[in-house]
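Taking it in order: structure first as structure tokens, then the write-up.
Proteins get letters first, then strands, A, B, ... in listed order; numbering begins at 1 in each. Quick caveat, the model's predicted, so the values are computed rather than measured.
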Protein chains: 2
Amino acid sequence: MPKTVAERADILPVLGEVFREHGFEGASLSLIGARTGLGKGSLYHFFPGGKEDMAVAVLTEIEAWFATRIFKPLREDANAARAIADMLRAVEEYFKSGQRVCLVGALALNDSRDQFAPRIRGYFAAWTEALESALIRAGHGPKKARGRAEETLATIQGALVLGRALHDPAVFPRILARLKKRLVGD
Amino acid sequence: MPKTVAERADILPVLGEVFREHGFEGASLSLIGARTGLGKGSLYHFFPGGKEDMAVAVLTEIEAWFATRIFKPLREDANAARAIADMLRAVEEYFKSGQRVCLVGALALNDSRDQFAPRIRGYFAAWTEALESALIRAGHGPKKARGRAEETLATIQGALVLGRALHDPAVFPRILARLKKRLVGD
DNA sequence: GTCTATAGAGTGATAGAC
DNA sequence: GTCTATCACTCTATAGAC
């Protein structure tokens with residue numbers, strides 16, 4: 001008896017975790033089926049394009065989350081320094097202190113799947129620009145803000161890699177704390 | 001007519017590139033066969049343990065390269081500031097200005113393959129310690145050196161992710177230049 | 001004859017597509 | 001749940017160096 005009522009939106013978070021944990025290639029349909037509790041039929045009903053379709057849907061959801069929770073405040077908050085500190089806090093929570101990997105970053109390293117490239121680029125471009133805007137408003141000097149934004153994003157991504165590699169849950173929060181000091185003082 | 005004489009060491013660089021470009025899961029044996037020009041017989045002759053064996057061999061070669069070219073000078077060069085600058089230069093060249101990905105970092109993000117974990121951790125631990133040592137000798141203060149080494153490695157790894165994501169070959173060299181300024185002045 | 005490097009047909013299992 | 005392609009891997013059979 002089918003019809004347990006699932007919605008596309010309900011399974012996106014699960015899909016995201018599976019892709020994060022196993023990568024795109026490593027996330028097999030049977031694994032996805034097991035984790036979502038859905039048969040292949042349902043999966044192809046929700047995502048006619050198969051696995052790539054699923055990954056694109058997950059990326060779209062991630063983009064939307066970051067756009068409203070991170071990029072928008074960075075661009076619009078009157079208190080730019082606070083927006084930057086909030087970003088670092090949100091990032092620490094989102095990536096569960098480094099226990100959770102950045103799916104967009106992980107896909108960037110393993111491309112060869114060109115379909116994801118524009119979304120991956122868009123995510124990091126939007127983040128860089130939003131942070132640059134906040135840095136300028138926080139008094140960082142328009143000339144230096146761009147480079148600092150770029151370096152900050154690199155450090156966040158790399159901190160996820162390093163924390164994971166060293167199996168040390170203290171690494172990610174520690175590096176974020178250093179970033180905070182440098183960007184907004186304290 | 002067999003016997004064209006290949007050696008294990010000769011195909012390691014090719015294997016490294018295939019794993020870098022496609023990831024561990026994405027590097028199929030047929031792809032590996034095509035890229036190395038070797039049949040399965042030869043591949044399994046050199047690497048009886050199959051794909052994992054190949055990846056371990058590549059990681060071992062990478063470790064050795066970094067140990068002699070990067071870690072040793074960092075620990076031993078009497079001129080520590082020069083050793084750090086040399087490290088940044090070597091890294092820029094090794095990763096081909098960001099066009100080439102760090103296999104160790106990429107594997108760290110996609111683990112679930114626990115066999116690689118100790119090697120991955122060893123690589124980053126050795127790098128962190130060597131850089132910390134050089135920073136201390138360059139006058140960075142023992143208390144701060146550790147954190148700076150950690151953050152530097154994260155920034156390098158993240159710069160690879162970001163450069164790749166943005167498809168901008170200028171990103172990686174630009175971030176390395178900022179690192180150099182901060183670490184050894186200029 | 002033995003050892004090393006080779007090729008590739010053939011194995012069962014499992015992948016993703018539908 | 002059925003399909004076909006492809007997966008990692010095994011095995012037998014080679015040729016040439018010693």
Checklist entry - Counting only non-hydrogen atoms, which of residues 47-57 of chain A are less than 4.0 Å from DNA chain C? => result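 Here the set is A/G50, A/K51.
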Item to check | Flag if over 12 foreign heavy atoms under 6.0 Å of CZ, B/R69 | outcome: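 Count not over threshold, so no.
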Next on the checklist: Would you say that more than 12 heavy atoms from the other residues, nucleotides or ligands in this model lie under 6.0 Å from the NZ of A/K51, or not?
Outcome noted: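 Atom NZ in A/K51 is crowded, with more than 12 foreign heavy atoms closer than 6.0 Å.
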Next on the checklist: I need the A/R148 CZ to B/R178 CZ distance, nearest 0.5 Å.
Outcome noted: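 Atom-to-atom, A/R148:CZ and B/R178:CZ are 6.0 Å apart.
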To the nearest Å, how far apart are [X] [atom1] and [N] [atom2]?
| X | N | atom1 | atom2 | result |
| --- | --- | --- | --- | --- |
| B/I32 | D/dT6 | CD1 | C1' | 14 Å |
| A/F46 | C/dC18 | CZ | C1' | 17 Å |
| B/F19 | D/dA8 | CZ | C1' | 12 Å |
| B/L31 | D/dA8 | CG | C1' | 14 Å |
| A/L43 | C/dA15 | CG | P | 13 Å |
| B/H22 | D/dC7 | NE2 | P | 12 Å |

Next on the checklist: Which nucleotide wins on minimum distance to the side chain of A/L29, given the candidates C/dA17, D/dA8, C/dT6?
Outcome noted: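 From the listed options, C/dA17 comes nearest.
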Checklist entry - Regarding B/R137 and B/S133, is there a side-chain donor-to-acceptor distance under 3.5 Å anywhere? => result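 B/R137 vs B/S133: donor-acceptor pair found between side chains.
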Item to check | Test item: side-chain donor near acceptor, A/T128 and A/R146, under 3.5 Å | outcome: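 Note: A/T128 and A/R146 side chains miss the donor-acceptor criterion.
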Indicate the ring-plane relationship of [X] and [Y], choosing parallel, tilted or perpendicular according to the 30° and 60° boundaries.
| X | Y | result |
| --- | --- | --- |
| A/W127 | A/F124 | parallel |
| B/Y94 | B/W65 | tilted |
| B/F95 | B/F66 | tilted |
| B/F116 | B/F24 | perpendicular |

Next on the checklist: Please confirm whether the shortest side-chain N or O distance from B/H45 to OP1 or OP2 of C/dT6 is below 4.0 Å.
Outcome noted: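 For C/dT6, neither OP1 nor OP2 has a side-chain N or O of B/H45 closer than 4.0 Å.
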Please write out each protein N/O paired with an N/O of nucleotides 9-14 of chain C under 3.5 Å, distance rounded to 0.1 Å.
residue : atom : partner : partner atom : Å
C/dG10  : O6   : B/K40   : NZ           : 3.0

Next on the checklist: Once you apply a heavy-atom cut-off of 4.0 Å, does B/Y44 come out as touching a base, just sugar-phosphate, or nothing?
Outcome noted: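 Base contact.
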Checklist entry - Relative to the 5' end of DNA chain D, which residue comes earlier, B/A27 or A/G41, by the nucleotide with the nearest heavy atom? => result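 Upstream on the strand: A/G41.
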